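Numbers here are sequence positions counted from 1. It should be emphasised that the depicted structure is a prediction, and the values quoted were computed from it without experimental measurement. No hydrogens, no waters, no symmetry mates; every other heavy atom, side chains included, goes into these values. Note that ligands are numbered from 1 as they come in the structure, with each ligand's atoms numbered from 1 the same way.
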Amino acid sequence: MSCLFCKIVAGEIPASKVYEDDRLIAFNDINPQAPMHVLVVPKQHIPTLNDLSAADDELVGAMARAAATIAKDRGFDGPGYRTVFNCNAQAGQTVFHIHLHVLGGRVMTWPPG
Ligand code: AMP
Ligand code: ZN
């Protein structure tokens, strides 16, 4: 398996882990775009959002809840934070194993670039 995030899940590549349970891990992004920039990643390999099925609903819900918990633990629940799933080329997806970006600690602009 040549997937970067599968290698992080397997412990073959180090990551700065901030959360882990039986189906998810979360770690700091190597190229942070905000003071908090965490990636919430399912242990199961799913390439893009287009590949989700109804069977994954609970997993994706757990990803959203983990993101909210991580943000709350850092005090960003009140001030606010942003969550992003990039899907495919025009959105800038570079790692084809789904991940939820969790960004906080600065003012975010809208619309995004
Ligand atoms: P995306 O562009 O949505 O596919 O996001 C991929 C993210 O993975 C980018 O924000 C990268 O900075 C991040 N990334 C790439 N390699 C690593 C790594 N080894 N550890 C942590 N984050 C990484
Ligand atoms: Zn993978």
Side-chain angles (χ1 to χ4, degrees):
M1 175 63 79
S2 62
C3 170
L4 176 65
F5 287 175
C6 281
K7 287 181 177 166
I8 288 177
V9 167
E12 293 166 13
I13 291 177
S16 167
K17 213 178 285 181
V18 301
Y19 175 78
E20 180 166 16
D21 63 25
D22 55 331
R23 46 190 182 174
L24 302 179
I25 66 166
F27 49 87
N28 290 309
D29 196 293
I30 205 166
N31 182 23
Q33 301 302 310
M36 172 182 70
H37 188 171
V38 170
L39 303 174
V40 178
V41 178
K43 292 185 173 178
Q44 178 189 346
H45 181 81
I46 300 170
T48 79
L49 283 201
N50 296 332
D51 301 301
L52 291 171
S53 69
D56 302 312
D57 287 358
E58 206 183 317
L59 177 66
V60 176
M63 291 173 73
R65 298 241 306 136
T69 299
I70 290 163
K72 186 174 184 181
D73 285 349
R74 289 164 169 71
F76 295 127
D77 52 334
Y81 57 94
R82 180 166 292 173
T83 54
V84 176
F85 278 109
N86 292 322
C87 183
N88 277 340
Q90 284 204 351
Q93 186 176 5
T94 59
V95 178
F96 289 84
H97 178 137
I98 62 166
H99 47 281
L100 183 57
H101 295 260
V102 191
L103 300 128
R106 66 169 172 83
V107 174
M108 307 286 163
T109 58
W110 194 265

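In terms of heavy-atom proximity, P42 sits nearest to H97 at O-NE2, 2.8 Å. When all heavy atoms of G104 and A34 are compared, the pair lying nearest together is O-CB, 3.5 Å.
Rounded to the nearest 0.5 Å, atoms SG (C3) and CD1 (I46) are 11.0 Å apart. Expressed to the nearest 0.5 Å, how far CG of L39 lies from CD1 of I8 amounts to 8.0 Å.
Side chain of Q90 to backbone of G92: no donor-acceptor contact under 3.5 angstrom is found.
Geometry note: the Zn ion (ligand 2) is the vertex, H97 ND1 and C3 SG are the arms, and the angle is 110° (rounded to 10 degrees).
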Assess whether ring pair (Phe, Tyr, Trp, His ring centres under 6.0 Å) is satisfied between H99 and H101, documenting all intermediate values. CA-CA 6 Å; H99 47 281; H101 295 260; 5.0 Å; yes
Acceptor/donor pairs from residues 70-87 side chains to any protein atom, 3.5 angstrom cut, sequence neighbours excluded:
{"residue": "R74", "atom": "NH1", "partner": "I70", "partner atom": "O", "Å": "3.4"}
{"residue": "R82", "atom": "NH1", "partner": "T109", "partner atom": "O", "Å": "3.0"}
{"residue": "R82", "atom": "NH2", "partner": "T109", "partner atom": "O", "Å": "3.0"}

Filter the ligand 1-protein atom pairs down to N or O on both sides and distance under 3.5 Å, then list them.
{"residue": "ligand 1", "atom": "2 (O)", "partner": "G92", "partner atom": "O", "Å": "2.8"}
{"residue": "ligand 1", "atom": "2 (O)", "partner": "T94", "partner atom": "N", "Å": "3.4"}
{"residue": "ligand 1", "atom": "2 (O)", "partner": "T94", "partner atom": "OG1", "Å": "3.1"}
{"residue": "ligand 1", "atom": "3 (O)", "partner": "N86", "partner atom": "ND2", "Å": "2.8"}
{"residue": "ligand 1", "atom": "3 (O)", "partner": "H99", "partner atom": "NE2", "Å": "2.9"}
{"residue": "ligand 1", "atom": "3 (O)", "partner": "H101", "partner atom": "NE2", "Å": "2.8"}
{"residue": "ligand 1", "atom": "4 (O)", "partner": "T94", "partner atom": "N", "Å": "2.7"}
{"residue": "ligand 1", "atom": "4 (O)", "partner": "T94", "partner atom": "OG1", "Å": "3.3"}
{"residue": "ligand 1", "atom": "4 (O)", "partner": "V95", "partner atom": "N", "Å": "3.0"}
{"residue": "ligand 1", "atom": "4 (O)", "partner": "H99", "partner atom": "NE2", "Å": "3.1"}
{"residue": "ligand 1", "atom": "5 (O)", "partner": "H99", "partner atom": "NE2", "Å": "2.9"}
{"residue": "ligand 1", "atom": "5 (O)", "partner": "H101", "partner atom": "NE2", "Å": "3.3"}
{"residue": "ligand 1", "atom": "10 (O)", "partner": "D29", "partner atom": "OD1", "Å": "3.3"}
{"residue": "ligand 1", "atom": "10 (O)", "partner": "D29", "partner atom": "OD2", "Å": "2.5"}
{"residue": "ligand 1", "atom": "12 (O)", "partner": "D29", "partner atom": "OD1", "Å": "2.5"}
{"residue": "ligand 1", "atom": "22 (N)", "partner": "I30", "partner atom": "N", "Å": "3.2"}

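Nearest N/O/S atom of H45 with respect to the Zn ion (ligand 2) is recorded as ND1.
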